[in-house]
Amino acid sequence: MTKSLTEAGRAYVETYGCQMNVADGELMEGILAADGYEIVSSPEEADVILVNTCAIRDHAERRVLGRIGQLSGLKRGHPGLLIGVTGCMAQRLGRTLFNQASQVDLVVGPDAYRSLPDQLRRLRGQRGETEVEAKPCVVRPGKRRTQLAVLDLDPEESYEGLEQRREAGASAWVPIQRGCDHRCTFCIVPYVRGPEKNRRPEEVVAEVRGLAARGVTEVTLLGQTVNSYRRGDWNFARLLREVARIAGIRRVRFTSPHPNDVTRELVEVMAEEEAVCEHLHLPVQSGSDQVLRRMLRRYTVESYLEKVRMAREAIPDLSLSTDIIAAFPGETRSDFEATLDLVREVGFDEAYTYRYSPREGTPAMRLPAEDFLPEPEARARLAELITVCREIQGGINAGEVGRQDEVLVERDARDPGQVLGRTRRNKFVAFPSEGIGIGEYAWIELTGTTGATFQGALVGSLAAGAHR
């Protein structure tokens with residue numbers, strides 16, 4: 001039985017990491033709200049704080065540990081406060097989190113969110129509807145309190161039948177897939193999120209129809225390798241086409257695809273369906289075949305470039321973004337130069353660049369110690385890569401000044417009286433609101449660029465179903 005708000009308490013979820021984590025944060029809020037919790041907007045208001053974490057890079061984990069230390073201070077004025085750590089970092093570190101952050105009461109992996117209400121009741125000494133195995137942990141001599149770690153990965157758990165708690169707005173994340181079957185040697189995701197699990201297509205379509213009925217006009221389909229989606233006789237291209245044809249849906253995006261699963265059928269759907277945005281995020285990671293083999297990416301530079309050419313031929317106005325890792329173990333200077341050459345050849349509209357971050361439990365950690373680059377060299381390569389990518393992005397964007405684009409307003413900009421929105425091609429534009437509100441569409445002329453974002457001028461507003 002669902003408890004009342006006063007019995008259940010108030011919950012605050014703080015999320016770090018990727019779009020999938022954002023969607024998971026919304027899922028946890030939905031689960032707790034359905035159990036009677038009031039979802040609050042600050043940790044100071046809460047009886048339960050959940051820190052939803054990322055494990056991709058060491059920096060992200062250190063940041064979270066620092067934040068947990070800050071939040072733990074709230075227990076002094078609120079002895080009944082419960083602090084939980086959820087997500088990928090929780091799965092990776094498991095019960096050792098209790099040693100690193102002794103004030104944590106609950107550690108929950110990505111497949112155990114459904115049990116959150118019962119785990120919280122158990123921590124409070126109340127009997128839940130379902131008992132889940134979890135062992136108490138002694139945290140300091142002479143003092144014992146219950147701490148729970150729920151870490152089993154469930155190959156069947158895709159959270160079907162549950163609804164995310166979404167803020168009102170024109171855009172929504174729609175997870176269609178969890179986990180990953182790829183085994184890229186640098187990546188911790190398959191080990192903390194388990195194997196690929198795809199939702200039933202009928203449920204995805206029904207969810208998007210429900211969102212459209214509530215006024216959502218833009219959806220982003222989410223998956224770890226979203227275009228590898230398969231369920232029965234449905235593949236990703238078929239699902240994308242079906243979602244794009246739902247009445248009321250004006251924009252469809254998806255992230256993140258894997259180059260191996262970019263097919264001609266998928267590109268045809270992108271080109272033919274008006275609602276599918278002219279933007280493709282296609283992680284390349286390296287421009288060296290030798291490094292790609294070590295990463296176990298299962299494509300070559302040439303096969304990647306073939307996918308880029310195929311997409312651009314079908315969608316001439318395509319905007320292309322990517323992910324790149326610098327200083328992967330064994331990367332020579334010539335390997336790195338090959339990456340710079342690929343970046344220049346493709347001309348990415350945007351690149352998310354990273355220095356290789358060692359992750360215990362990944363296959364890359366078994367590479368010879370001498371293959372790991374010295375820290376100063378790794379930092380220098382990343383800085384050089386960033387410089388080249390920014391120069392290319394700045395040149396591309398400078399060439400687009402003067403064009404007119406449809407923009408969906410997402411939030412207020414930094415400058416008073418201005419709003420920030422995105423074009424269909426995933427370009428950010430700040431412009432004077434002039435009566436255009438968040439969640440509305442506008443027709444904007446791009447009047448200038450800082451290199452990464454644009455300044456714009458309002459040409460006219462657009463009705464929810466209108467296109468230029």
Side-chain angles (χ1 to χ4, degrees), residues 2 5 11-13 15 18-41 52 113-114 116 158-178 198-223 226 229 234 236 238-255 273-277 279 406-412 419-424 426 433 435-443 461-467:
T2 299
L5 288 177
Y12 171 74
V13 180
T15 293
C18 66
Q19 299 97 328
M20 185 64 75
N21 273 23
V22 173
D24 278 356
E26 294 175 340
L27 174 67
M28 284 184 267
E29 289 183 347
I31 290 169
L32 293 174
D35 197 64
Y37 280 85
E38 177 187 357
I39 306 302
V40 295
S41 58
N52 184 25
Y113 301 149
R114 197 183 288 267
L116 273 171
S158 58
Y159 294 109
E160 292 187 345
L162 299 178
E163 187 172 347
Q164 295 159 244
R165 180 185 177 273
R166 297 179 170 96
E167 298 292 333
S171 300
W173 306 107
V174 180
I176 67 168
Q177 175 194 80
R178 300 182 69 84
N198 295 308
R199 292 176 63 192
R200 292 186 300 111
E202 299 84 2
E203 183 174 273
V204 174
V205 171
E207 180 176 345
V208 176
R209 286 191 179 127
L211 290 169
R214 287 162 38 189
V216 170
T217 58
E218 178 188 72
V219 295
T220 302
L221 305 181
L222 291 180
V226 66
Y229 174 94
W234 287 67
F236 180 68
R238 180 180 174 185
L239 181 64
L240 181 64
R241 192 185 294 277
E242 189 74 19
V243 169
R245 293 182 175 182
I246 292 173
I249 295 299
R250 181 166 174 164
R251 289 183 174 185
V252 182
R253 304 182 186 274
F254 58 91
T255 197
E273 295 300 329
E274 186 176 17
V276 180
C277 291
H279 170 242
E406 175 194 275
V407 172
L408 171 59
V409 178
E410 296 187 355
R411 60 183 181 271
D412 291 325
V419 290
L420 188 70
R422 273 190 301 167
T423 70
R424 290 173 57 89
N426 208 46
S433 61
I436 304 295
I438 294 171
E440 297 182 8
Y441 289 85
W443 194 249
S461 62
L462 293 171
H467 294 270

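Just so it is clear, the model here is predicted, and its values are computed rather than measured. Numbers here are sequence positions counted from 1.
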Can you name the nearest heavy-atom pair linking [X] to [Y], along with the distance?
| X | Y | answer |
| --- | --- | --- |
| Leu27 | Tyr113 | CD2-CD1, 4.1 Å |
| Ala275 | Ala244 | CB-O, 3.5 Å |
| Pro175 | Arg199 | O-NH1, 2.7 Å |
| Leu221 | Leu240 | CD1-CD1, 4.1 Å |
| Gln177 | Asn198 | CG-OD1, 3.1 Å |
| Gly169 | Val216 | O-CG2, 3.5 Å |

Worksheet item: Under 6.0 Å from the six-membered ring centre of Tyr441 and within 45° of its axis: does the NZ or CZ of Arg250 meet both?
Response: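 Verdict for Tyr441: a cation-pi partner in Arg250.
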
Student check: side-chain heavy atoms of [X] and [Y] closer than 4.5 Å:
| X | Y | answer |
| --- | --- | --- |
| Arg253 | Arg422 | yes |
| Ile176 | Leu222 | no |
| Val226 | Met20 | no |

Name all residues meeting the salt bridge (Lys or Arg N to Asp or Glu O under 4.0 Å) criterion together with [X]; count only those two or more places apart in sequence or in a different chain, and write none if there are none.
| X | value |
| --- | --- |
| Glu202 | Arg200 |
| Arg214 | Glu163 |
| Arg114 | Glu157 |
| Arg166 | Glu207 |

Discussion item. Is there a side chain to side chain contact (heavy atoms under 4.5 Å, CB included) between Val409 and Leu420? Walk through the geometry before answering.
Written reply: CA-CA 6 Å; Val409 178; Leu420 188 70; over 6 Å; no

What's the spacing between [X] [atom1] and [Y] [atom2] if we round to 0.5 Å?
| X | Y | atom1 | atom2 | result |
| --- | --- | --- | --- | --- |
| Thr220 | Arg251 | OG1 | CZ | 10.0 Å |
| Leu32 | Glu38 | CG | CD | 12.5 Å |
| Ile438 | Ser171 | CD1 | OG | 11.0 Å |
| Thr15 | Met28 | OG1 | CE | 5.5 Å |
| Glu26 | Leu162 | CD | CG | 13.5 Å |
| Leu116 | Asp35 | CG | CG | 9.5 Å |

Check whether any side-chain N or O of [X] sits under 3.5 Å from a backbone N or O of [Y] as a donor-acceptor pair, and report yes or no.
| X | Y | result |
| --- | --- | --- |
| Arg209 | Ala247 | no |
| Arg424 | Val276 | yes |
| Asn52 | Val13 | no |

Worksheet entry | Carboxylate-amine/guanidinium contact Glu273 Arg245, below 4.0 Å | yes

Worksheet entry | Partners meeting ring-ring contact (aromatic ring centres under 6.0 Å, His included) with Tyr12 (sequence neighbours left out) | none

Discussion item. So, using ring-ring contact (aromatic ring centres under 6.0 Å, His included) as the criterion, who are the partners of Phe236 when residues are at least two apart?
Written reply: Phe254

